[in-house]
Amino acid sequence: MSPTDDSASRGQRFRPADRVRRRADFDRVYQQSAYAADDTLVVRGCLNGLAHSRLGLAVSRQVGSAVVRNRWKRLVREAFRRHRGDVPTGLDLVVRPRRGATPVLARVDDSLIRLTRKLARRLGAPLP
RNA sequence: CGAGGGAACUUGACGGUCGCUGGUUCGCCCCCGCGGCGGACGAGAGGAAAGUCCGGGCUCCACAGGACAGAGUGGUCGGUAACGCCGACCGGCCGCGAGGCCAGGGAAAGUGCCACAGAAAACAAACCGCCGGGCGCUCGCCCAUCGGCGCGCACCCGGUAAGGGUGAAACGGUGAGGUAAGAGCUCACCAGCAGCCGGGGUGACCCGGCUGGCUCGGUAAACCCCACUCGGAGCAAGGCCAAACAGGGAGCAGGCAGCUCGCCGCCGAGCGGCCGCGGGUCGGUCCGGCCCGCGCACGACUCCCGGGUAGGCUGCUCGAGGCGCGGAGCAAUCCGCGUCCUAGAGAAAUGACCGUCCGCGGCACGGGCGCCCGCCGGGCGCGCCGGCCGUGACAGAACCCGGCUUACCGGUUCCCUCGCCCC
RNA sequence: CGCGGGGUGGAGCAGUCCGGUAGCUCGCGAGGCUCAUAACCUCGAGGUCGCAGGUUCGAAUCCUGUCCCCGCAA
């Protein structure tokens, strides 16, 4: 365990260890996840056994052009990074934009925090 | 000044805070792998990165040579690694012009098709019509009669293709001669075709002359013929390392001989002997005695092997490269010299927020300018300066290049054409 | 990255190969039949053939470009 694998000291950084990167991790989320959504985001998540939460993104071509898809992914990453302290820990999350939603940072911030807390209550993960 | 044509370039600038990706470098940590964490420095999307429509490099596979099939291309000459791309030129069409567009080989090699209309849609022939002849009938005239002449109608034979509302397209056009009527039947001029000759050009082709028969429709982005080109797959190519599970092999203490039983047996069970190994204990100088266990099979464990999954590394960015200067060429492009290094992700980085300026659009708030009404003043217009508001397009690298095509707010520069006015 | 299929009235499909007339079923509207509804009978409306160019006398059909939808393999 590296000494910085402590979510309290992560601050607003966003490192590769903070992302869901493996096929197997995504499969686990999709097979045993809880689900929460509003009219901006759809979030699925499960416990990951780590001291911090990890973020994975699923933005298909149905969402729009490459520019629109990149825009969504950057906004969700930015929201996750900025509000690390407000998001529950110990979860693997897969986030997907809702069909028809418009990519605005303030709404993504709000949705991400509310939906992840709802998931945490459902899964019994520690709240911040 | 107005209208227009053609090229080339550009795709906001600067600063601050918090982040991301990879590079160099420094420090710290441990289970030492060149792993994790932290800091510093400098770098980080495009003209189309897009569509994936062509062409190549590269990699792997296949391959003696050729032909057929299939696909593609299609004026000529040049450029290129190559092209279906580019340049120049030729030809055709469009435009007053600058210029623009063209899949632009072959229809006298063959086959097919040409709706409707029209006599006929391609070998030419036939219908109406026109002309000549024959025969018959009606009528008129001459005649005493026989008969003769003429007009009209029907039929038959022959000539003819000038005319026929059509159609996208109709077997050259105009004039004269000619004829029973006509016809390139003949002649002149014109259009077009073929052949020959001369000249110019590398060539496509152009210019000029002579002769000929007089004329032979369109469609090949219909089949086809001709000429030329093409092996297949793609960086998820290909290469290296390699968990776990499964597979194969070896090791981990057993070896040798004998007796009894099960059904003979080299198979199985049991018994005890010698040597060996492990443990215990006793005596003792590196040795010896006694006791217990081991012996087969399976599993576990350890090691090795090949293939290779998850995963990791590589291919991965220095290249038909950018910039500058000089030279060859009308140009596309090529050559020489100098100089620079400029993204390399992988559930996939280049983002968020703020400030100032810039471009564009709007408002008409203040100033300015012009016009109108007019006593102070007011109204309308312009959008020059300031102010306020909005806005900055199309779009995101994924092995790399050369093209094509498509999307796009705007801005800049150069060259050229036409019209009007002034000198 | 490499391929395949498809855009035709409101819906589902023919017609495209081999170019000249866009047709079928359901649905829709009007009338009839019936006491009434359905069924049935008669009549009718409704199509930029995805879009833009080109070839041709003429294009849904042939060629080129382009947009969208669906699917396949690694």
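Every chain is numbered from 1 and lettered A, B, ... according to where its sequence line falls, protein lines coming before strand lines.
- Atom CZ of A:R15 and atom C1' of B:rC20 are 9 Å apart (whole Å).
- A distance cut-off of 5.5 Å between ring centres, combined with a plane angle under 30°, leaves A:F14 outside any stacking arrangement with the base of B:rG19.
- Look at B:rG203: it lacks any Watson-Crick or wobble partner with both distances under 3.5 angstrom.
- To the nearest angstrom, C1' of B:rC353 lies 12 Å from CG of A:L75.
- The distance from atom OH of A:Y30 to atom C1' of B:rA347 is 10 Å, rounded to the nearest whole Å.
- Here the P atom of nucleotide B:rA348 and the CZ atom of A:R71 are 18 Å apart, to the nearest Å.
- Minimum atom distance to the side chain of A:R77 is reached by B:rU350, of the listed B:rG396, B:rU350, B:rA352.
- In this entry the base of C:rU8 is anti relative to its sugar, with a glycosidic angle more than 90° from 0.
- Comparing the same atom, C1', in B:rG234 and in B:rC400 gives a spacing of 14 Å after rounding to whole Å.
- The same atom, C1', is picked in B:rG132 and in B:rG213; the two are 31 Å apart, to the nearest Å.
- In the set B:rA347, B:rC18, B:rA349, the nucleotide with an atom closest to the side chain of A:R21 is B:rA347.
- Salt-bridge check for A:D25 with A:R54: passed, with a basic side-chain N closer than 4.0 Å to an acidic carboxylate O.
- With B:rC20, B:rA45, B:rA395 as the candidates, the nucleotide lying closest to the side chain of A:R13 is B:rC20.
- Toward the 5′ end of RNA chain B lies the nearest nucleotide of A:P16, the other residue of the pair A:R82 and A:P16 mapping further downstream.
- Residues A:E78 and A:R82 are paired through a salt bridge, judged by an N-O separation under 4.0 Å between the basic side chain and the carboxylate.
- Around atom CZ of A:R114, more than 12 heavy atoms belonging to other residues, nucleotides or ligands sit under 6.0 Å away.
- Look at B:rA352: its glycosidic torsion is beyond 90° from 0, and that puts it in the anti range.
- Comparing B:rA348, B:rA397, B:rG351 by their closest approach to the side chain of A:R19 singles out B:rA348.
- The distance from atom CZ of A:R22 to atom C1' of B:rG312 is 9 Å, rounded to the nearest whole Å.
- Between the CG atom of A:L57 and the P atom of B:rA349 there is a distance of 9 Å, given to the nearest Å.
- When both pairing distances are held under 3.5 Å, B:rC325 makes a Watson-Crick or G-U pair with B:rG336.
- Look at CG on A:L50: it is 15 Å from C1' on B:rG36, rounded to the nearest Å.
- Look at B:rG184: its glycosidic torsion is within 90° of 0, and that puts it in the syn range.
- Between A:R23 atom CZ and B:rA236 atom C1' there is a gap of 15 Å when expressed in whole angstrom units.
- Taking 90° from 0 as the syn/anti boundary, the base of C:rU16 is oriented anti.
- The A:R81 side chain lies nearest to B:rG19 when the options are B:rU21, B:rG19, B:rG396.
- Syn is the classification of B:rG47, since its glycosidic angle stays within 90° of 0.
- The P atoms of B:rG66 and B:rA48 are separated by 41 Å, rounded to the nearest whole Å.
- Here the nucleotide nearest the side chain of A:R74, chosen from B:rG38, B:rA347, B:rU350, is B:rU350.
- Using a 4.0 Å heavy-atom distance criterion, A:R69 is classed as making no nucleic acid contact.
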**Request:** Check the pair A:L119, A:V43 against side chain to side chain contact (heavy atoms under 4.5 Å, CB included), reporting the backbone distance first and the verdict last.
**Result:** CA-CA 8 Å; A:L119 282 182; A:V43 181; 3.5 Å; yes

